[in-house]
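To find a chain, count down the sequence lines: A is the first, B the second, and so on, and within it residues start at 1. From a predicted model like this one, the values you see are computed outputs, not experimental measurements.
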Number of protein chains: 2
Amino acid sequence: MEANDLKKAGLKVTLPRVRILELLEQHADQHLSAEDIYRLLLDNEEDIGLATVYRVLTQFEAAGIVCRHQFEGGKAVFELISKGEHDHIVCVKTGLVEEFHDPVIFERIQKIAEEHEFEMTDHSLVIFGIKRKSKA
Amino acid sequence: MEANDLKKAGLKVTLPRVRILELLEQHADQHLSAEDIYRLLLDNEEDIGLATVYRVLTQFEAAGIVCRHQFEGGKAVFELISKGEHDHIVCVKTGLVEEFHDPVIFERIQKIAEEHEFEMTDHSLVIFGIKRKSKA
DNA sequence: ATTCCTGCAAATCATTTGCATTACC
DNA sequence: GGTAATGCAAATGATTTGCAGGAAT
């Protein structure tokens, strides 16, 4: 019951919010843009406006439910935070996104923040490249 | 003589391009947005349109003269590439940007790209945080 | 002279916002 | 029933583009 997640976040349980949360869970392996979500909702016969999708996503971000990435090419993409801390490696040809987590890098990042006298709040690491064809 | 840099990049040596390149060199310690550059040009009595600034910056990026960052908050910022590889740590309160280079991180990044079978072309690492007041 | 470049204004794209209506508790 | 959320359309902000006139080789 994800209605509880919404309540806990101080958000009224409304149809748009529930549907969007469901979609994010169903597509937990992907990184969806506001427009992607809007299209998926339309496909599901849901009559939810694009503006609402943006509003809900922004609220979810503030509530710590999703996190927003900028990657490249205009549109921001979103994913559930519940998946845990990780960074991304994206293919500049296909747009394919894979995830990774490297403790060594994370440790160094903390150290660097420390050295620069920053209270670290967050970080963003994206590796760009071209995925090699797997030699079948 | 930066005119040569332009010629080498296959770009005709024109006043806007020279002026913008000069500005970037004069402000090599900063990260300027297209609008910042436009304003600086106006201050210098140069009559150069904002559209041209965008066009020139895009060409410079394609030519490998500058690199574009997205940091946070709408506008992209640019800096000369000649300064060498480095990443950024930015203060979410003040917008202050500092730079760093960490060989350990870089090495790990290469390794991760390798593990994921990516031909790495680039990476982006930004640490966000709040700069501590230096205790004077 | 020819081709590439520029300035301006209008166009585009992603995202946000005002406001009347509607849905939750 | 009252307040907060939604949908639509219009507004915004950053960046791009079409086109007529101008500069560089």
Side-chain angles (χ1 to χ4, degrees), chain A residues 1-23 31-42 44-63 65-78 95, chain B residues 1-23 31-42 44-63 65-78 95:
Chain A
M1 199 60 166
E2 51 257 315
N4 271 319
D5 299 336
L6 291 174
K7 283 214 191 84
K8 265 188 293 183
L11 295 171
K12 203 178 273 187
V13 180
T14 65
L15 195 137
R17 303 218 255 240
V18 173
R19 287 286 177 272
I20 291 174
L21 196 44
E22 282 176 359
L23 269 187
H31 298 76
L32 303 172
S33 68
E35 187 106 24
D36 289 336
I37 293 172
Y38 178 61
R39 296 240 123 82
L40 286 169
L41 288 169
L42 290 189
N44 273 55
E45 318 280 290
E46 300 291 351
D47 195 10
I48 294 175
L50 180 55
T52 299
V53 175
Y54 274 106
R55 266 187 296 236
V56 168
L57 287 172
T58 302
Q59 293 157 349
F60 282 6
E61 186 189 16
I65 296 174
V66 304
C67 98
R68 178 194 307 251
H69 300 289
Q70 198 53 225
F71 292 168
E72 54 170 15
K75 2 184 75 139
V77 294
F78 299 80
Chain B
M1 199 61 168
E2 52 256 314
N4 271 320
D5 299 335
L6 291 174
K7 283 214 190 84
K8 264 187 293 181
L11 295 170
K12 206 176 268 186
V13 180
T14 64
L15 195 136
R17 303 219 254 239
V18 173
R19 288 285 176 272
I20 291 174
L21 197 43
E22 283 176 359
L23 269 187
H31 299 76
L32 303 171
S33 68
E35 185 107 25
D36 290 336
I37 292 173
Y38 177 60
R39 297 240 123 81
L40 286 169
L41 289 169
L42 290 187
N44 272 53
E45 318 281 290
E46 299 291 349
D47 195 8
I48 294 175
L50 180 55
T52 299
V53 176
Y54 275 106
R55 265 187 298 237
V56 169
L57 287 172
T58 303
Q59 293 157 350
F60 282 6
E61 186 189 16
I65 296 174
V66 304
C67 97
R68 178 194 304 252
H69 300 287
Q70 197 56 223
F71 294 167
E72 54 170 17
K75 0 185 74 138
V77 294
F78 299 80

Residues at least two apart in sequence or cross-chain that pass side chain to side chain contact (heavy atoms under 4.5 Å, CB included) with B:A62, listed by chain then number, are none
Results of ring pair (Phe, Tyr, Trp, His ring centres under 6.0 Å) for A:F71 - residues two or more places apart only | A:H31, A:H69, A:H88
Salt bridge (Lys or Arg N to Asp or Glu O under 4.0 Å): pairs with one or both residues in residues 51-61 of chain A, sequence neighbours excluded = A:E61-A:R68
Could you tell me which residues satisfy side chain to side chain contact (heavy atoms under 4.5 Å, CB included) with A:Q70, sequence neighbours excluded, listed by chain and number?
-> A:A76, B:Q70
Of all the heavy-atom pairs spanning B:P16 and B:T52, show the shortest one and how long it is.
-> CB-CG2, 4.0 Å
With rounding to the nearest 0.5 Å, note down the distance linking NZ in B:K75 to CG in B:L32.
-> 12.0 Å
Ring pair (Phe, Tyr, Trp, His ring centres under 6.0 Å) against A:Y54, all qualifying residues, sequence neighbours excluded | none
List in chain and number order the residues that pass side chain to side chain contact (heavy atoms under 4.5 Å, CB included) with A:L42, two or more places apart in sequence or in another chain; answer none if no residue qualifies.
-> A:Y38
Along DNA chain D, 5' to 3', what are the outermost nucleotides having an atom less than 4.0 Å from a heavy atom of chain B?
-> D:dA14 to D:dA24
Pull out every protein N or O sitting under 3.5 Å from an N or O of nucleotides 11-15 of chain C, one pair per line with the distance.
from: C:dA14; atom 1: OP1; to: A:K75; atom 2: NZ; distance (Å): 3.1
from: C:dT15; atom 1: OP1; to: A:A76; atom 2: N; distance (Å): 3.0
from: C:dT15; atom 1: OP2; to: A:Y54; atom 2: OH; distance (Å): 2.4
from: C:dT15; atom 1: O5'; to: A:Y54; atom 2: OH; distance (Å): 3.3

Let me know, please, whether B:L11 or B:Y38 comes out on the 5' side of the other along DNA chain C by nearest nucleotide.
-> B:L11
Would you mind building the protein contact string for nucleotides 19-25 of chain C? One character per nucleotide, 5' to 3', B for base within reach (heavy atoms under 4.0 Å), S for sugar-phosphate only, - for untouched.
-> -----BS
N/O donor-acceptor pair under 3.5 Å between A:R17 side chain and A:V56 backbone = no
For A:S33, what residues pass the side chain to side chain donor-acceptor pair (under 3.5 Å) criterion, not counting sequence neighbours?
-> A:D36
Note down the inter-axis angle between the two ends of the helix from C:dT12-D:dA14 to C:dC25-D:dG1, five pairs each, to the nearest 10°.
-> 20°
